Amino acid sequence: KGAVDDAKAAYDDNPSTKSVFLLAQAYDLSGQEGESVSLLSSYLENNPNDLRVMMLLAEKRIESDKNTAITMYQDALKLDENNSVVLNNLAYLLTQEGQLDEAAGLAKRAFDLNPNSPAVVDTYAQIQVKQGNTEDAVETYSRVMNQEVNNEEIFLNYVEALLLNGSKEIAKRRINERSLEQEESK
């Protein structure tokens with residue numbers, strides 16, 4: 001309760017991106033997610049061009065209200081058309097909605113801006129897989145799979161792309177390499 005009170009006092013004293021983030025985080029950590037969303041929504045009404053707050057609120061809406069999240073990311077894109085996080089998250093949501101052509105264009109832009117981001121690569125490659133371009137997807141994944149990608153979901157998506165591309169032996173080898181790496185790190 002003290003952290004919320006302190007953050008609220010700081011926010012009331014000086015409503016800014018930093019103070020709204022701190023208060024939203026304090027609400028989240030104290031189990032008051034609804035208060036956090038209300039605060040961010042209210043702040044954004046008064047500061048409609050605050051991209052960081054818009055992105056945080058959109059992210060919070062992904063699970064609870066996908067359509068609102070999509071609209072918010074589209075608005076965020078108007079503020080910064082070259083933000084790879086916005087492009088990637090919007091592409092991800094549109095993919096879930098079955099809008100693959102639009103999602104592919106956004107994901108490609110995110111990939112062009114940030115080709116070494118595992119999250120961006122995964123979104124783009126997953127769209128390529130859904131469009132039946134498994135060879136392209138494997139090539140896309142190759143950008144990051146030589147890095148230390150600790151995200152299990154991305155690794156499994158990569159293996160799936162390999163299998164769908166008919167690269168069964170490579171998929172086996174990657175799984176065995178991953179197993180050995182994990183054994184050695186124990």
Side-chain angles (χ1 to χ4, degrees), residues 28 33 36-37 40 51-185:
D28 288 342
E33 288 84 6
S36 175
V37 168
L40 293 168
L51 181 63
R52 291 179 55 212
V53 171
M54 187 180 296
M55 288 172 62
L56 177 60
L57 186 55
E59 185 177 322
K60 288 179 171 292
R61 302 274 189 176
I62 287 175
E63 296 303 320
S64 64
D65 187 356
K66 205 173 287 183
N67 290 332
T68 298
I70 288 170
T71 300
M72 294 185 80
Y73 279 122
Q74 288 168 332
D75 291 345
L77 209 50
K78 292 173 188 164
L79 295 176
D80 183 357
E81 64 185 29
N82 292 318
N83 186 305
S84 65
V85 173
V86 171
L87 288 162
N88 186 64
N89 291 359
L90 183 55
Y92 170 80
L93 288 168
L94 292 176
T95 299
Q96 289 187 325
E97 296 298 302
Q99 299 176 35
L100 291 182
D101 289 341
E102 186 177 355
L106 295 168
K108 172 77 168 96
R109 286 174 52 201
F111 178 75
D112 289 343
L113 290 165
N114 200 353
N116 297 317
S117 162
V120 168
V121 166
D122 187 49
T123 300
Y124 186 39
Q126 283 298 293
I127 293 168
Q128 291 171 318
V129 166
K130 288 181 187 312
Q131 292 179 319
N133 303 324
T134 55
E135 195 172 325
D136 292 341
V138 169
E139 178 65 29
T140 299
Y141 274 123
S142 73
R143 293 288 306 209
V144 297
M145 293 317 294
N146 294 331
Q147 298 175 22
E148 188 64 34
V149 175
N150 294 321
N151 185 309
E152 206 61 36
E153 184 179 354
I154 293 173
F155 177 74
L156 293 173
N157 289 340
Y158 169 59
V159 169
E160 179 184 30
L162 286 168
L163 292 171
L164 289 169
N165 194 45
S167 305
K168 189 175 179 180
E169 290 305 314
I170 296 173
K172 268 189 194 174
R173 192 165 57 239
R174 294 289 183 253
I175 290 169
N176 289 336
E177 288 169 358
R178 181 89 168 198
S179 298
L180 284 174
E181 287 171 11
Q182 290 175 341
E183 285 298 316
E184 289 173 1
S185 67

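For the numbers below, each heavy atom of this structure counts, side chains included, while hydrogens, waters and symmetry mates do not. Numbers here are sequence positions counted from 1. Everything numeric in this text was worked out from a predicted model, so none of it was measured.
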| said: Between I170 and R173, does the side chain to side chain contact (heavy atoms under 4.5 Å, CB included) criterion hold? Intermediate values first, please. | reply: CA-CA 5 Å; I170 296 173; R173 192 165 57 239; 3.7 Å; yes
Taking all heavy atoms of [X] and all of [Y], pick out the closest pair and write down the distance.
| X | Y | value |
| --- | --- | --- |
| Q131 | A104 | NE2-CB, 3.7 Å |
| R61 | V37 | NH2-CG1, 3.5 Å |
| T134 | A161 | CB-O, 4.2 Å |
| S84 | L113 | CB-CB, 4.2 Å |
| V120 | N88 | CA-OD1, 3.3 Å |
| L163 | A171 | CD2-CB, 3.7 Å |

Gap separating the [atom1] atom of [X] from the [atom2] atom of [Y], nearest 0.5 angstrom:
| X | Y | atom1 | atom2 | answer |
| --- | --- | --- | --- | --- |
| R52 | L79 | CZ | CG | 14.0 Å |
| I62 | T68 | CD1 | OG1 | 12.0 Å |
| L162 | K172 | CG | NZ | 13.5 Å |
| E160 | E153 | CD | CD | 10.5 Å |
| N89 | Y73 | CG | OH | 4.0 Å |
| F111 | Q128 | CZ | CD | 7.5 Å |

| Of L90, N82, L51, N83, which is the lone residue that meets side-chain contact (heavy atoms from CB on, under 4.5 Å) with L77? |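 Of all the options given, the one that passes is L90.
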| task | Sort out for me which residue in V159, D122, V121, T123 forms a side-chain contact (heavy atoms from CB on, under 4.5 Å) with I154. | result | D122
| query | Where do K66 and Q96 land on the side chain to side chain contact (heavy atoms under 4.5 Å, CB included) test, with the steps shown first? | reply | CA-CA 9 Å; K66 205 173 287 183; Q96 289 187 325; 3.2 Å; yes
| task | Output, in order, the C-alpha distance, side-chain angles, deciding distance and verdict of side chain to side chain contact (heavy atoms under 4.5 Å, CB included) for V86 and D80. | result | CA-CA 8 Å; V86 171; D80 183 357; over 6 Å; no
| field | Under-4.0 Å salt bridge between R109 and D112 | value | no
| field | Stepwise side chain to side chain contact (heavy atoms under 4.5 Å, CB included) check, Q99 with L93 | value | CA-CA 9 Å; Q99 299 176 35; L93 288 168; over 6 Å; no
| Axial cation check for F155 ring with R178, 6.0 Å and 45° limits | yes
Just wondering, more than 12 heavy atoms not from [X] lying within 6.0 Å of its [atom1]?
| X | atom1 | result |
| --- | --- | --- |
| E139 | CD | no |
| E135 | CD | no |
| D101 | CG | no |

| Just checking, is any N or O donor in the side chain of Q126 or Y141 under 3.5 Å from an acceptor N or O on the other one? |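 Y141 and Q126 do have a side-chain donor-acceptor pair below 3.5 Å.
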